[in-house]
**Q** 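Let me give you the structure first, and then I'll get to my questions.
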Amino acid sequence: MTARLYGIGVGPGDPELMTLKAVRLIEECDIVAVPKSGDSEGVAKQIARQAVKDFDKKTVIEVSMPMTRDVAVLEESHRQAAQQVESYLKEGKSVAFLTLGDPAIYSTYIYVHKKVQQHGFPVEMVPGVPSFCAVAAKLNISLAEGAQPIHIIPASYQGVEEGLEWSGPKVLMKTGRSMKKVKEILTEKGILDKAQMVQKCGMEGEVIYHSMADVDENSSYFSVIVVKD
């Protein structure tokens with residue numbers, strides 16, 4: 001195997017949702033990198049451990065990915081993470097970098113991917129099941145039908161109010177730490193009763209809410225809301 005960085009999506013939480021390709025590449029790679037940051041610490045590792053044979057025999061490294069919006073801190077952490085990964089690539093070792101859900105959707109991995117690629121090393125992204133697709137399955141609903149557009153909205157950032165005005169189903173991600181605000185906005189817009197949520201989808205402690213009125217304001221970071229008119 002040519003030394004390469006693989007950004008591997010391990011899905012939302014259920015190890016059975018990991019793809020065959022993801023499992024194979026983790027087994028084949030010399031090094032497994034796992035993000036260490038806030039609520040995400042160890043989660044991707046625990047998912048993979050349940051699906052990958054002899055995972056505990058792998059060489060696993062932790063890569064610091066702090067949960068902050070400080071641009072300077074983030075840039076430095078991404079630089080250090082890329083440097084850490086590249087040290088193994090230079091030795092001819094392939095690295096499987098695990099990330100929750102899919103590496104193309106709000107993944108901190110992508111910043112490392114870009115830097116390593118810019119430095120001339122081979123990189124590849126391996127898709128995983130996105131959390132909102134798993135959530136729709138848990139709720140037994142479709143996300144969109146016919147010509148409906150789907151809107152994916154990061155709920156802890158500005159622009160939530162505007163996004164909820166768009167036509168079509170809405171998915172609110174990164175809601176956990178802004179749950180009180182999100183519920184207030186949904187109530188103000190008269191669509192609280194059109195929203196459903198799954199907390200920790202596919203993980204231990206999973207809770208399905210068909211009514212947002214039952215949702216605690218201190219919900220887990222791993223909470224996804226679906227709003228359908």
Side-chain angles (χ1 to χ4, degrees), residues 9 11-14 17 35 37-41 43-44 65-74 99-111 127-229:
D14 184 347
L17 292 181
S37 60
D39 294 332
S40 298
E41 183 173 349
V43 177
M65 305 292 261
M67 298 290 284
T68 178
R69 294 183 186 177
D70 186 308
V71 176
V73 172
L74 288 172
T99 184
L100 288 173
D102 183 282
I105 304 173
Y106 298 128
S107 168
T108 52
Y109 159 77
I110 199 64
Y111 304 105
V129 174
S131 60
F132 49 83
C133 290
V135 164
K138 289 289 183 178
L139 294 172
N140 281 317
I141 61 173
S142 66
L143 282 178
E145 299 170 28
Q148 288 181 316
I150 304 175
H151 306 289
I152 312 300
I153 304 169
S156 60
Y157 290 79
Q158 293 183 349
V160 180
E161 295 92 338
E162 178 185 355
L164 288 172
E165 296 289 343
W166 298 333
S167 174
K170 273 77 69 172
V171 174
L172 302 182
M173 299 181 66
K174 303 185 178 185
T175 58
R177 295 175 183 174
S178 303
M179 189 59 68
K180 181 179 180 180
K181 176 185 176 183
V182 170
K183 289 184 67 175
E184 289 174 350
I185 294 173
L186 291 172
T187 300
E188 289 171 3
K189 292 189 175 295
I191 54 175
L192 186 69
D193 61 339
K194 301 181 186 301
Q196 301 181 73
M197 187 184 96
V198 178
Q199 176 178 267
K200 293 187 175 182
C201 185
M203 304 178 189
E204 183 177 353
E206 174 187 278
V207 184
I208 298 174
Y209 294 96
H210 292 290
S211 171
M212 286 296 296
D214 299 328
V215 174
D216 190 294
E217 293 176 354
N218 297 313
S219 297
S220 166
Y221 173 79
F222 303 111
S223 297
V224 177
I225 298 172
V226 177
V227 183
K228 294 194 70 175
D229 296 334

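Model, not experiment: these values are computed from the prediction.
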**Q** Can you tell if the side chain of Thr99 reaches within under 4.5 Å of the side chain of Pro35, non-hydrogen atoms only?
**A**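 Of all side-chain heavy-atom pairs linking Pro35 with Thr99, none is under 4.5 Å.
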**Q** Please tell me if the side chains of Leu172 and Val224 come closer than 4.5 Å, counting only heavy atoms from C-beta onward.
**A**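 Leu172 does not reach Val224 side chain to side chain.
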**Q** Can you tell me if Ser142 and Glu145 form a side-chain donor-acceptor pair at under 3.5 Å?
**A**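 Side-chain D/A pair, Ser142 to Glu145: present.
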**Q** I need the Met197 CE to Asp214 CG distance, nearest 0.5 Å.
**A**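 Those atoms lie 10.0 Å apart.
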**Q** Of the non-hydrogen atoms in His210 and Ile208, which two are nearest, and what is the gap between them?
**A**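 Reported closest heavy-atom pair: NE2-CG2, 3.7 Å.
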**Q** Between Asp102 and Val129, is there a donor-acceptor pair closer than 3.5 Å when you use the side chain of the first and the backbone of the second?
**A**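 No, because the side chain of Asp102 does not come within donor-acceptor range (under 3.5 Å) of the backbone of Val129.
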**Q** Calculate, to the nearest 0.5 Å, the distance between atoms OH and OG belonging to Tyr209 and Ser223 respectively.
**A**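 One finds 7.5 Å between OH of Tyr209 and OG of Ser223.
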**Q** Which heavy atom of Pro103 sits nearest to which heavy atom of Gly128, and what is that distance?
**A**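 It is CD-N, 4.2 Å.
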**Q** Any side-chain heavy-atom pair from Pro169 and Leu143 closer than 4.5 angstrom?
**A**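 They are not in contact (no side-chain heavy atoms under 4.5 Å apart), so the answer is no.
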**Q** Is the number of heavy atoms from other residues, nucleotides or ligands under 6.0 Å of Tyr111 OH greater than 12?
**A**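 No, the 6.0 Å shell around OH holds no more than 12 heavy atoms from other groups.
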**Q** Can you find a heavy atom in the side chain of Glu206 that is under 4.5 Å from one in the side chain of Gln199?
**A**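 In short, these two side chains do not touch, never coming nearer than 4.5 Å.
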**Q** Please find the pair of heavy atoms, one from Ser131 and one from Pro12, that lie closest to each other, and give the distance.
**A**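 Closest pair (atom of Ser131, atom of Pro12, distance): CA-CB, 3.8 Å.
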**Q** Looking only at atom types and distance, does a side-chain atom of Lys170 sit under 3.5 Å from a main-chain N or O of Ile225, one as donor and one as acceptor?
**A**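 Side chain of Lys170 to backbone of Ile225: no pair is present.
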**Q** Whether the side chain of Lys138 engages the backbone of Ala134 through a donor-acceptor N/O pair (distance < 3.5 Å, no angle test) should be reported.
**A**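 Absent.
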**Q** Heavy-atom distance under 4.5 Å between the side chains of Val215 and Met179, does that happen here?
**A**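 The answer is yes, as the side chains (C-beta and beyond) meet within the 4.5 Å cut-off.
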**Q** Under a 4.5 Å cut-off applied to non-hydrogen side-chain atoms, are Tyr106 and Pro154 in contact?
**A**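 Yes - at least one pair of side-chain heavy atoms lies under 4.5 Å apart.
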**Q** For Asp216, does its backbone N or O pair with a side-chain atom of Ser219 as donor and acceptor, under 3.5 Å?
**A**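 Side chain of Ser219 to backbone of Asp216, a donor-acceptor pair under 3.5 Å: yes, one is there.
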**Q** Mind running side chain to side chain contact (heavy atoms under 4.5 Å, CB included) on Met203 and Val43 for me, showing each step along the way?
**A** CA-CA 9 Å; Met203 304 178 189; Val43 177; 3.9 Å; yes
**Q** Once rounded to the nearest 0.5 Å, what's the spacing between atom OG of Ser211 and atom CG of Leu192?
**A**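 Nearest 0.5 Å value for the OG-CG distance: 6.5 Å.
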**Q** Side chains of Ile185 and Leu164: closer than 4.5 Å at any heavy-atom pair?
**A**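 In short, these two side chains touch, coming nearer than 4.5 Å.
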**Q** Assess whether salt bridge (Lys or Arg N to Asp or Glu O under 4.0 Å) is satisfied between Glu161 and Lys189, documenting all intermediate values.
**A** CA-CA 9 Å; Glu161 295 92 338; Lys189 292 189 175 295; over 6 Å; no
**Q** So, taking the atom named CE in Met212 and the one named CG in Leu186, what distance separates them when rounded to the nearest 0.5 Å?
**A**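 The CG atom of Leu186 is 6.0 Å from CE of Met212, to the nearest 0.5 Å.
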**Q** Between Met65 and Thr108, what is the shortest heavy-atom contact and its length?
**A**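 Smallest interatomic distance, heavy atoms only, reads CE-O, 3.3 Å.
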**Q** Begin with the C-alpha distance, continue with both residues' side-chain angles, and end with the deciding distance and a verdict on side chain to side chain contact (heavy atoms under 4.5 Å, CB included) for Phe222 and Leu100.
**A** CA-CA 10 Å; Phe222 303 111; Leu100 288 173; 3.5 Å; yes
**Q** Might you work through the side chain to side chain contact (heavy atoms under 4.5 Å, CB included) test for Lys200 and Val207, ending with a clear yes or no?
**A** CA-CA 7 Å; Lys200 293 187 175 182; Val207 184; over 6 Å; no
**Q** Can you find a heavy atom in the side chain of Lys194 that is under 4.5 Å from one in the side chain of Lys228?
**A**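 Not touching, per the 4.5 Å side-chain cut-off.
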